[in-house]
Structures are given as structure tokens and as C-alpha cells.
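In the text below, chain A, chain B and the rest are named by the order of the sequence lines, each starting its count at 1.
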Amino acid sequence: MKLIELKDVKKTFKDGRKTIEALKSTNFSVEEGEFVAIIGPSGSGKSTFLTIIGGLQTPTEGKVFIKNDKFSELEEKDRATKRFNEIGFILQASNLIPFLTVKDQLRLVNKVEKSKIDDDKVEKLLSELGIDNLMDKYPSDLSGGEKQRAAIARALYHDPAVILADEPTASLDTDRAFEVVEILARETKKKKKATIMVTHDERLTEYCDSVYTMRDGVLTKNQ
Amino acid sequence: MFLAWQEIKYSKTRFALIIGVVILISYLVFFLMGLAYGLAQENRMSIDKWDADGIVLAEESNLNINMSMFSKDQIETIDAYEKASLGVTSSVVQPQEKTDEESKINVTFFGIDKEEFIYPGVIEGEGFSEENEVIADISLRDEQGINIGDELSLAGMDLTIKIVGFTDNAKFSVGPVLYTDHPTYQRIRASGFGEREDEIISAIAVRSDSGEISDITLSDNELNLYSTGEFISNLPGYTAQVLTFGLMIGFLVLIAAMIIGIFIYVLTLQKSSMLGVMKAQGISSKYIAKSVVGQTFLLSFIGVFTGLVLTLATGLILPAAVPYQNNLLFLVSITTLLIVVAVAGAFFSVRTVVKIDPLEAID
Ligand SMILES: Nc1ncnc2c1ncn2[C@@H]1O[C@H](COP(=O)(O)OP(=O)(O)OP(=O)(O)O)[C@@H](O)[C@H]1O
Ligand SMILES: [Mg+2]
């Protein structure tokens, strides 16, 4: 099943009199259990592409479908709700909430939807990611790699269909970066997610099912 | 509340400082209010003690009881349910054996009839029965150390009076009241207007059957009837004083709201990228805004209540001469008002929260 599907999606920005075509008309889809990497130079439109899929901005033309629902056509508020339920964002390091412990980062999700925290689920998820011993630590007490694993835990906790990661390894050394990407790949397979990862580092794409290159707003599949 | 409380627990020093400021401001507000109320009470409590519906004064007195003067016989021209004649004069008294300036006391004499309703309840000693005996406000004992049986001489007069009893809540123009009978009052006042045949009084307090002063009729057009409320607000300086304090307290409450509002606003701005991340996660503006407002409520609640407790504690250890007094209604309303305006101040930040773009969280 296609969890993500883009049909003729295009994004232009008006900058004074000229318009910037950040994303040229694009058709694209990701199946469940598929791990996709997007590489490309700075300013080529990778983040624009990712945030349109995540519904943080709307396409100028075309439609985005998440689990076959017309995601991009939803009202702002409904899009936020759908994002909360179906999309997990993993951003560069330091996007954890500084005053919440690792466990409380997950608990926040329960608080928002007024449900009770499932301790077993938390335990299981955190031990899968190898950070169950850090449950009661604040982000400032974690290393870069541990922070990113906590961020992955947070993104996965709500069991979304889609994981969007924008340079999740930017602040990590090579070994940690490989670890984090390996975890992402493993969780994508095991939990049948559709995962898109934007990265600068081509070596990290070895765990991915398919690799795309973005250049000047044009997305092309490698080989 | 989850986010709000976790953040307070995490950044203890920062929030302790904010709460500290709230405590200080609310302490100041409560304390000023206690002083304002106490001072207002010292002006009016002897009047409230009458529990009268209205007061009759001489027409030309312009509502100033010190300028009101008429014959005691004129009481017959008033048709009311209950009437009490009252002579008012201020004076200076001094314990007999003392001569220094320090021991002189400003007092107000109330010349009254023992059978009429102004006659106060005695809480220590007994009522007056002979001439030159007085019942005094208890503050004379608490603040001046004067006891039952002590004799006081009147400044500029060859007259001594004897304390036979004490009553409470008897202050007028911020000084103690001495109650005495009409003949003694006449003698004290005579130093001002010389001997007269008829008895002179200042006012007649009246009660009506229904509590409405419209039920009371006067047939003497030298006299005028006023409601007790109107009389009190025309006490010299009373309204000006109440307004001054009221204005100060009002401004302080506003300043408190602004300070808390600004603190929360700055905190929200500092957190905006983190709030952006939360929005990218799909957490609604409503949830975030609620937690900002909830946090303000927590901070102001803790701060205002601590300020209140401190004020009450201070009230207990203040010397008797400080006119500080608590009033439950005022304490409750100021507490509520402070919290409500603080929370209103937080609504500044709600706009900011709503405007934060989750896109800022990326890059
Ligand atoms: N809100 C905006 N208004 C105007 N131009 C924008 C806006 N957002 C992005 N752009 C432009 O669109 C282009 C693509 O930006 P984008 O952030 O997607 O690049 P990127 O591939 O993520 O770059 P990087 O690797 O540096 O993160 C850039 O030229 C950028 O300046
Ligand atoms: Mg980018």
C-alpha cells in the first residue's frame, strides 16, 4: 500500500518580483516498509519537499495523499490533527523539549490526546532503541546520538504511518550516524512505516531501499 | 498543566524569581489594602457602631458635624422610629500626673444619653453614672496604658474626667472616642461657646422602622437629614483618603498584571522554536496556549497566596498603633482580582503562540 503519494506537486515562492520554483512538478510515492533517502545540494528544495509531505506548508499545485487521504486539502487544524496521528518528524538534534525527561517526551503525546501512558509500550520502544536506561534523563544529559534515538522514539511512539527525518544525523559523528540510520531502517521494516530521510551524507544511503536526488527543485530517482 | 508544571520543576530558579516578584507585589497590595481599610475604619467605626440609618445635622453645617450645633429640644421635631442625641467635640486630654508633650492625647468626646442607642456596650469596667465619668475606646488602654479609674485632665480647662469603662471599635477621625453624659459634655464644650441655658448638641442619629430614611420626617427646617453613608463620605478627608488608596491599589494590581504578562511573554518568545517543534509534531496551538495560560495561573496562584499568608502574618506582629485591619471580603476580592488580571496578562502570549510557524522548527 502507498502510504505517501504526491501527484503533480509543485511549490513556488514569490520573492519580490521573481518567483522561485523551489519544487518543480513532482510525482512520487512511498510504499509501507519502504525507506527512502533524499540527497542533494543545499538549497535544492529537500526541506521544502519534506515539509510539504508533512503538511507544514501546502503545495502551490498538486495534491499530497497520506494513507490515500487528501492530506494537502485539509483545513489547517485538521491537518495538525492528522499530522499528530500519522506523521512522525525527526529533525536535527536538540529538537527535544528541554524540560521533559525522555519518558515525559513520550508522555506528552498521551497528555495531548488525554490517554494514559502505556508503561510497557514505552519500555519496549526505548529498549529497542537501546535507551531504556536513560528514561528519566533530561535531554541536556544525553549525548548527540542518544538525543536522536530519543527523538526517534518520540516519532515512533504514536505509531504514525509516516516518518519524516530532515538531516537526523547532522550533529553526529560517522559511527553514531550509522547507528541512528540503522535503527530507522530496522523500525521502518519492522513496523511497516513509510520513511523519508533527507541527508547530506551519501554513505548513509546504504540502508535505504531507494535513493532520490534533488537538484534545483527536480527530484530524480538514482539508477 | 503537564507541560506548565514540568517546566516550572525543571527551571526552578527562573520561576522562583518570577514567583518572588509576584509575592512581593501581592504582599504590597494586601498590606496597603489592610492599611487603607484600617485607616478608613478608624475614621468611621464609631459611626458604624451606632448602627443608625441616618443622621440629622444643622442645615448650615454643610454636613460637617463639628460645625453643627442646635438645641437638644429640637429632637422633638423629628419623627423617627428611634432617636439618639449626640454632642461631638474634640479635645486634648492628658493623664493627671503627667505634664510632658508626649502624653497628650487627641480625643473626641461624644456627649450622649444613657437611655439612647448610641450608648456603647462596655467590654471592661462599667458604664458612666455620675458626671465627669467616661467610657473610653479600648485603644487608650492598648496604646497609652491608661486603666480603669485613671483620671485625665483636659487641656486648657479646669476639669478632670475619670475612666470608668472601655468599649471597642470607638474611633472617630483616627482618634479614640470618650463617651460621656450630656451635662459633662456641655461643660467641656462650654469652653468654646460660653454658658448657655439650653443644652446644645451636634447631631441626632436616627433609625427607621424599615431601614429607609425616607420614612423619617423633619418638621424643623433648620435641620437636615442625611443617610449614614452620605455622612461618612463627607467626613473631612475621608473620601480623598479612600480614593487615594483605591487608586494606588488599582494601579498596583495593573502593574502586577503587566509584570507577569511581560515575564510570560518573554519566556514564550524564548521558547518559540521549541513550540514550533511541538506544532510540527501536530500538537495544537490550543493545547500549547492552554499550558501557557495554565502556567501563569500556577505562578500567580502560588505567588498571590504566599503574599497573602505573609500579609496575615505581618498583621499579627504589627504594633497596635498601626491602623492595619483585615477584611475578608477585600482579601478574597483582591486575591481573585490579582490572579484574574495575571492570567489576562498571559493572553498577550497566546497570540504569539498561535502565530508561531512550525516551519521555523526545520533548519
Ligand atoms: N518560505 C520561503 N520563502 C522563499 N523562499 C524559500 C522559502 N523556503 C524555501 N525557499 C527557497 O527554496 C529553495 C529550497 O529551499 P530548501 O530549504 O528546501 O533547501 P534544502 O534542500 O533543504 O537546503 P539545505 O540542504 O540547505 O537544508 C531555496 O532556494 C530557498 O531559498
Ligand atoms: Mg533543508
Side-chain angles (χ1 to χ4, degrees), chain A residues 42-43 46-52 54-58 76-101 103-114 117 138-141 151 154-155 157-158 160 162 164-167 170 198, chain B residues 1-19 263-264 266-299 349-363:
Chain A
S42 187
K46 303 183 298 295
S47 294
T48 305
F49 178 69
L50 208 65
T51 49
I52 286 175
L56 298 184
Q57 47 186 339
T58 47
E76 177 81 44
K77 227 178 112 194
D78 300 325
R79 219 163 352 110
T81 312
K82 179 120 176 140
R83 182 158 69 240
F84 180 74
N85 289 320
E86 299 295 0
I87 293 173
F89 265 105
I90 302 166
L91 307 172
Q92 292 190 11
S94 80
N95 60 64
L96 294 168
I97 297 165
F99 52 81
L100 294 182
T101 62
K103 186 172 179 180
D104 282 343
Q105 308 272 346
L106 308 186
R107 196 197 302 272
L108 178 60
V109 171
N110 293 102
K111 291 287 175 185
V112 171
E113 57 171 28
K114 298 192 170 70
I117 188 165
Y138 287 100
S140 57
D141 299 330
R154 184 179 67 180
Y157 180 63
H158 207 217
V162 171
L164 303 175
D166 197 351
E167 304 192 31
V198 167
Chain B
M1 283 296 189
F2 171 70
L3 276 180
W5 189 241
Q6 295 299 326
E7 188 182 11
I8 294 175
K9 277 202 319 203
Y10 184 76
S11 312
K12 285 195 191 73
T13 333
R14 172 183 301 191
F15 286 102
L17 286 174
I18 298 178
I19 291 175
F263 270 136
I264 294 292
V266 171
L267 286 183
T268 308
L269 286 185
Q270 274 186 350
K271 283 187 294 197
S272 65
S273 75
M274 183 201 89
L275 299 179
V277 172
M278 286 165 63
K279 283 190 163 188
Q281 261 186 285
I283 295 176
S284 63
S285 299
K286 196 173 144 204
Y287 184 87
I288 300 172
K290 262 194 193 157
S291 94
V292 169
V293 174
Q295 189 171 61
T296 313
F297 176 78
L298 278 178
L299 297 177
S349 309
V350 169
R351 231 172 52 106
T352 316
V353 168
V354 172
K355 281 200 326 207
I356 290 172
D357 188 346
L359 266 182
E360 283 169 31
I362 318 288
D363 289 344

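- Heavy atoms of A:Ser140 lying under 4.5 Å from chain B belong exclusively to its side chain.
- Residue A:Asn85 does not touch chain B at all, counting heavy-atom pairs closer than 4.5 Å.
- Contact between A:Asn95 and B:Val277 at its shortest, heavy atoms only, is O-CG1, 3.3 Å.
- Inter-residue side-chain proximity for B:Phe15 and B:Leu267 is flagged as met; some heavy-atom pair is nearer than 4.5 Å.
- Using a 4.5 Å cut-off between heavy atoms, A:Leu108 touches chain B through backbone and side chain atoms alike.
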Give every donor-acceptor pair under 3.5 Å between a side-chain atom in residues 349-357 of chain B and any protein atom, sequence neighbours left out.
from     : atom 1 : to       : atom 2 : distance (Å)
B:Ser349 : OG     : B:Tyr265 : N      : 3.4
B:Asp357 : OD1    : B:Leu359 : N      : 3.0

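- Taking 4.5 Å as the limit, every side-chain heavy atom of A:Thr51 sits out of range of all side-chain heavy atoms of A:Asp166.
- Applying the salt bridge (charged side-chain N to carboxylate O under 4.0 Å, His left out) test to residues at least two apart or on different chains, the pairs with a partner in residues 268-289 of chain B are B:Glu7-B:Lys271.
- Of the listed residues (A:Pro98, A:Gly55, A:Gly54), the one with the most heavy-atom contacts under 4.5 Å to chain B is A:Pro98.
- Neither the backbone nor the side chain of B:Met1 comes within less than 4.5 Å of any heavy atom of chain A.
- Looking at B:Leu3, both its backbone and its side chain come within 4.5 Å of chain A, counting heavy atoms on both sides.
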